[in-house]
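Count residues from 1 along the sequence.
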Amino acid sequence: MTQTELYQALKALGMPVAYSEFKVGPGNPAPEPPFITYHVADASAYGSDDRNEIKRTGYLIELYTIHKDPASQQLVESMLDAKGIPYQVYETPIESENLYQAAYHIEFTTKIRRG
């Protein structure tokens, strides 16, 4: 799955989605929860004989809600399950923002093409 395909899959959930953060300013207010941000959390490339052959990219999908929201979490998890994407989930309240975060770590591995 590419980053563009991940974005499209997240948008299909019907919530506002942004890479990394929403650009908030005059005439562009922050979205109301629930909303999703996602970003590359880690990446590596490896192989053999001094050549990288495999690239692994880890993404963090962050679901923000007012309180723990099992229905919104189920939307994200059902999409990941339907696409066969393994995930780890971490949950935490963000008291300073009056939000609740469920963060999903996912990974994609791709073969590096050689021309």
Side-chain angles (χ1 to χ4, degrees):
M1 179 176 269
T2 66
Q3 184 172 316
T4 299
E5 291 168 333
L6 176 58
Y7 173 77
Q8 292 168 346
L10 292 171
K11 280 297 280 186
L13 299 176
M15 293 178 249
V17 176
Y19 184 84
S20 186
E21 63 185 341
F22 287 90
K23 305 300 182 200
V24 177
N28 194 27
E32 292 294 321
F35 60 85
I36 295 172
T37 63
Y38 71 104
H39 64 273
V40 172
D42 52 88
S44 60
Y46 50 94
S48 60
D49 299 328
D50 298 323
R51 295 186 71 169
N52 287 328
E53 298 170 356
I54 303 291
K55 181 176 182 180
R56 185 199 56 75
T57 305
Y59 287 91
L60 200 58
I61 300 168
E62 298 171 338
L63 169 65
Y64 293 93
T65 56
I66 298 292
H67 47 77
K68 181 167 175 64
D69 184 349
S72 293
Q73 286 183 250
Q74 186 60 46
L75 284 174
V76 174
E77 293 172 16
S78 292
M79 180 274 292
L80 295 171
D81 291 342
K83 295 190 175 298
I85 300 171
Y87 58 87
Q88 295 175 305
V89 63
Y90 311 92
E91 298 180 14
T92 187
I94 304 174
E95 294 176 10
S96 63
E97 301 289 330
N98 293 320
L99 292 173
Y100 190 85
Q101 179 195 62
Y104 297 84
H105 186 268
I106 62 172
E107 291 184 357
F108 301 125
T109 303
T110 55
K111 184 175 172 117
I112 298 173
R113 297 180 188 244
R114 299 286 177 209

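Under the side-chain contact (heavy atoms from CB on, under 4.5 Å) criterion, T110 pairs with K55, sequence neighbours left out. Under the side-chain contact (heavy atoms from CB on, under 4.5 Å) criterion, Q101 pairs with E62, Y64, T92, I94, A103, sequence neighbours left out.
Residue Y90 is found outside any hydrophobic cluster, as its side-chain heavy atoms come under 4.5 Å of no other Ile, Leu, Val, Met, Phe, Trp or Tyr. Y46 shares a hydrophobic cluster with I54; the chain of contacts runs through ILVMFWY side chains whose heavy atoms sit under 4.5 Å apart.
Note: Y87 and Y104 have perpendicular aromatic rings, judged against thresholds of 30 and 60 degrees for the angle between ring planes.
When all heavy atoms of P34 and L63 are compared, the closest pair comes out as CB-CD1, 4.3 Å. Shown here for Y100 and H67, the closest heavy-atom pair between the two residues is CB-C, 3.7 Å. What you find for Q3 and V40 is that their closest heavy atoms are OE1-CG2, 4.3 Å.
Residues T65 and Q73 fail the side-chain proximity criterion, which asks for heavy atoms closer than 4.5 Å. Residues L10 and M15 are not in side-chain contact: their nearest non-hydrogen atoms beyond the backbone lie 4.5 Å or more apart. Side-chain contact check for D42 versus R56: some heavy-atom pair is nearer than 4.5 Å. Put simply, the side chain of L6 does not reach to within 4.5 Å of the side chain of I85, judged on heavy atoms.
Among residue pairs with one or both ends in residues 12-25, those qualifying as salt bridge (Lys or Arg N to Asp or Glu O under 4.0 Å) are E21-K23; sequence neighbours excluded. Identified under the salt bridge (Lys or Arg N to Asp or Glu O under 4.0 Å) test for residues 64-86, with sequence neighbours left out: K68-E91.
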Given R51 and I112, is the side-chain contact (heavy atoms from CB on, under 4.5 Å) satisfied, shown in steps? CA-CA 10 Å; R51 295 186 71 169; I112 298 173; over 6 Å; no

Evaluate ring pair (Phe, Tyr, Trp, His ring centres under 6.0 Å) for Y7 paired with Y19, printing each intermediate quantity in order. CA-CA 8 Å; Y7 173 77; Y19 184 84; 9.5 Å; no

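If you take CD on Q88 and CG on L60, they are separated by 10.5 Å, rounding to the nearest 0.5 Å. Annotation: the span from H39 atom NE2 to S20 atom OG amounts to 6.5 Å, rounded to 0.5 Å.
Residues L99 and V17 do not share a hydrophobic cluster, clusters being chains of Ile/Leu/Val/Met/Phe/Trp/Tyr side chains in contact below 4.5 Å. Tracing side-chain contacts under 4.5 Å through hydrophobic residues (I, L, V, M, F, W, Y), one reaches I36 starting from F108; they form part of the same cluster.
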